[in-house]
Amino acid sequence: MTTATAEAHIARHTGAPRRGVLGRIVDRLGGGGVQVVMVLLGLFWLVPTLGLLVVSLRSVKVNNAEGWWTVFTKPAELTIKNYRDLLASGFTASFWNTVLITVPTTILVIGIAAMAAYAFAWMEFPGRDLLFLIVVGLLIVPIQIALIPVAVFYGGIGIFGSIPGVVLFHVAFGLPFAIFLLRNFFIGIPASLLEAARMDGAPEWKIFASVVFPLGKPAIASLGIFQFLWVWNDMLIALVFANTENQPMTKALQSQMRQFGSNVDILSSGAFLSLIIPLILFFAFQRYFVQGMMAGSVK
């Protein structure tokens, strides 16, 4: 009797689900084999990032003549001249503009969404379900239809082209998804914990800060990573609402493309600088990110 036949026979008599082909392969490889495969896949996924780094550290002449993989036999071709030229071109200001846009947006979205999600999940007030349905309905509103009305409104109040205007736009369109995500996570917290806190006389803000927010760290960390990446890599909102003085890195790189065509040295070094911060953030909070994804899958 083959292994597959034996498993099918056992499944029929025990009621256990039959293992699929992928499951049997995983069982035969064992835990160590799966880890080796996952490491190899991760390294393969990082190959484009490594190629971008090498291209950013070589001259245009060398990049046009050879592939980036030749660096392993010619390491002397590496230079930081591209990064010096990039910083001399004013890219540093664009980097800090990106930070000033992304960090406040992420903090505001997480803070406002967490409090709103707690209210929708555990507080009783008139019109709660209707308001939540409106929030969910806002998820399908495309950003493009709001560009012109918001631009006119910003011009009227004098914040068009400024960093606060870009931040407010990102916050407004980031809140519906953030509230929806956190509310679905908070509602899975055992009600007995909140009832115990209320019986001890804790006010709602204390319950939120001491019970709900700490338990929601995995979901909040996942939301923070997604929100940070969305704003950090955004170019559409920056093109519309940010002027030249307040432009983020995405708009600065786009302007370099428009001015110099295939300016590979500037574009590659700028692209790697804009990539490295999200990578550091993801690896720093990957534990919470995985916990949030696992919690969401179980719920």
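All figures in this text were calculated on a predicted structure; none of them were measured in a lab.
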Open item on the list: Tell me the closest heavy-atom pair linking Met249 and Thr98, and the distance in Å.
Closed with: N-OG1, 2.8 Å
- [ ] Taking the side chain as every heavy atom from C-beta outward, state whether Phe120 and Asp129 have any atom pair closer than 4.5 Å.
- [x] no
Open item on the list: I'd like to check Leu52 versus Leu275 (side-chain heavy atoms, cut-off strictly below 4.5 Å). Are they in contact?
Closed with: yes
Open item on the list: Measuring only between side-chain heavy atoms, which start at C-beta, is Pro248 closer than 4.5 Å to Lys251?
Closed with: yes
Open item on the list: Quick check for you: to the nearest 0.5 Å, what is the distance between Leu147 atom CG and Tyr154 atom OH?
Closed with: 10.5 Å
Open item on the list: For Trp230 and Phe173, I'd like to know if the aromatic rings sit close, meaning centre-to-centre distance below 6.0 Å.
Closed with: no
Open item on the list: On a heavy-atom basis, which atom in Ile101 and which in Asn246 lie closest, and how many Å separate them?
Closed with: CD1-O, 4.3 Å
Open item on the list: Within the structure provided, determine whether Thr250 and Asp234 are in side-chain contact (heavy-atom separation under 4.5 Å).
Closed with: no
Task: Note, Thr92 side chain near Trp96 side chain (heavy atom, < 4.5 Å) - done: yes
Open item on the list: I want to check something: taking the side chain as every heavy atom from C-beta on, are Tyr118 and Leu194 in contact at a cut-off of under 4.5 Å?
Closed with: yes
- [ ] Would you give the length of the straight line joining atom CD1 of Ile237 to atom CD1 of Ile143, rounded to the nearest 0.5 angstrom?
- [x] 4.5 Å
Task: Cluster check Leu175, Leu236: I/L/V/M/F/W/Y, side chain < 4.5 angstrom - done: yes
TODO: Give a yes or no on whether Ile187 and Phe177 share a hydrophobic cluster (residues Ile, Leu, Val, Met, Phe, Trp, Tyr; joining criterion: side-chain heavy atoms under 4.5 Å apart).
DONE: no
Open item on the list: Side chains of Trp122 and Ile207, heavy atoms from C-beta outward: is any pair under 4.5 Å?
Closed with: no
TODO: Taking atom CZ of Phe213 as the centre, report whether more than 12 heavy atoms of other residues, nucleotides or ligands fall under 6.0 Å from it.
DONE: no
- [ ] State yes or no: do Ile280 and Leu273 share one hydrophobic cluster built from I, L, V, M, F, W and Y residues joined by side-chain heavy-atom distances below 4.5 Å, directly or via other members?
- [x] yes
Task: Distance-minimising heavy-atom pair for Gln247 and Asn97 - done: O-ND2, 3.1 Å
- [ ] Calculate, to the nearest 0.5 Å, the distance between atoms CD1 and CD1 belonging to Ile225 and Ile220 respectively.
- [x] 12.5 Å
Open item on the list: Does Ile276 have more than 12 heavy atoms from other residues, nucleotides or ligands lying within 6.0 Å of its CD1?
Closed with: yes
Task: Heavy-atom pair with the smallest gap, counting every atom of Phe169 and Ala146 - done: CE1-O, 4.2 Å
- [ ] Indicate the atoms forming the closest heavy-atom contact of Pro176 with Val135, along with that distance.
- [x] CB-O, 3.7 Å
TODO: Check salt bridge (charged side-chain N to carboxylate O under 4.0 Å, His left out) between Glu124 and all other residues, then give those that pass, not counting sequence neighbours.
DONE: Arg128
Open item on the list: Is the shortest side-chain heavy-atom distance between Thr49 and Leu279 below 4.5 Å?
Closed with: yes
TODO: Could you pull out all residues at least two apart from Glu66 that satisfy salt bridge (charged side-chain N to carboxylate O under 4.0 Å, His left out)?
DONE: Arg58, Lys74
Task: Atom pair NE2/CG of His170 and Leu168 - distance to nearest 0.5 Å - done: 10.5 Å
Task: Separation between OG of Ser269 and CZ of Arg84, rounded to the nearest 0.5 Å - done: 11.5 Å
Open item on the list: Please determine whether the number of non-hydrogen atoms from other residues, nucleotides or ligands lying under 6.0 Å from atom CD of Glu245 exceeds 12.
Closed with: no
Open item on the list: If you count heavy atoms of other groups shown closer than 6.0 angstrom to CZ of Phe125, is the number above 12?
Closed with: yes
Open item on the list: Measuring from atom CH2 of Trp68 to atom OG of Ser268, what distance do you get when rounded to the nearest 0.5 angstrom?
Closed with: 13.5 Å
Task: Single-linkage hydrophobic cluster Leu46~Leu229, side-chain heavy atoms < 4.5 angstrom - done: no
Task: Working for side chain to side chain contact (heavy atoms under 4.5 Å, CB included), residues Phe132 and Phe180 - done: CA-CA 8 Å; Phe132 184 69; Phe180 175 76; 3.9 Å; yes
TODO: Of all the heavy-atom pairs spanning Val109 and Val171, show the shortest one and how long it is.
DONE: CG2-CA, 3.8 Å
TODO: Following the transitive rule for hydrophobic clusters with a side-chain heavy-atom cut-off under 4.5 Å over Ile, Leu, Val, Met, Phe, Trp and Tyr, establish whether Leu100 and Val166 coincide in one cluster.
DONE: yes
Task: side chain to side chain contact (heavy atoms under 4.5 Å, CB included) between Glu77 and Val71, worked out - done: CA-CA 7 Å; Glu77 295 175 346; Val71 69; 5.8 Å; no
TODO: Look at atom CD1 of Ile148 and say whether more than 12 heavy atoms of other residues, nucleotides or ligands are closer to it than 6.0 Å.
DONE: no
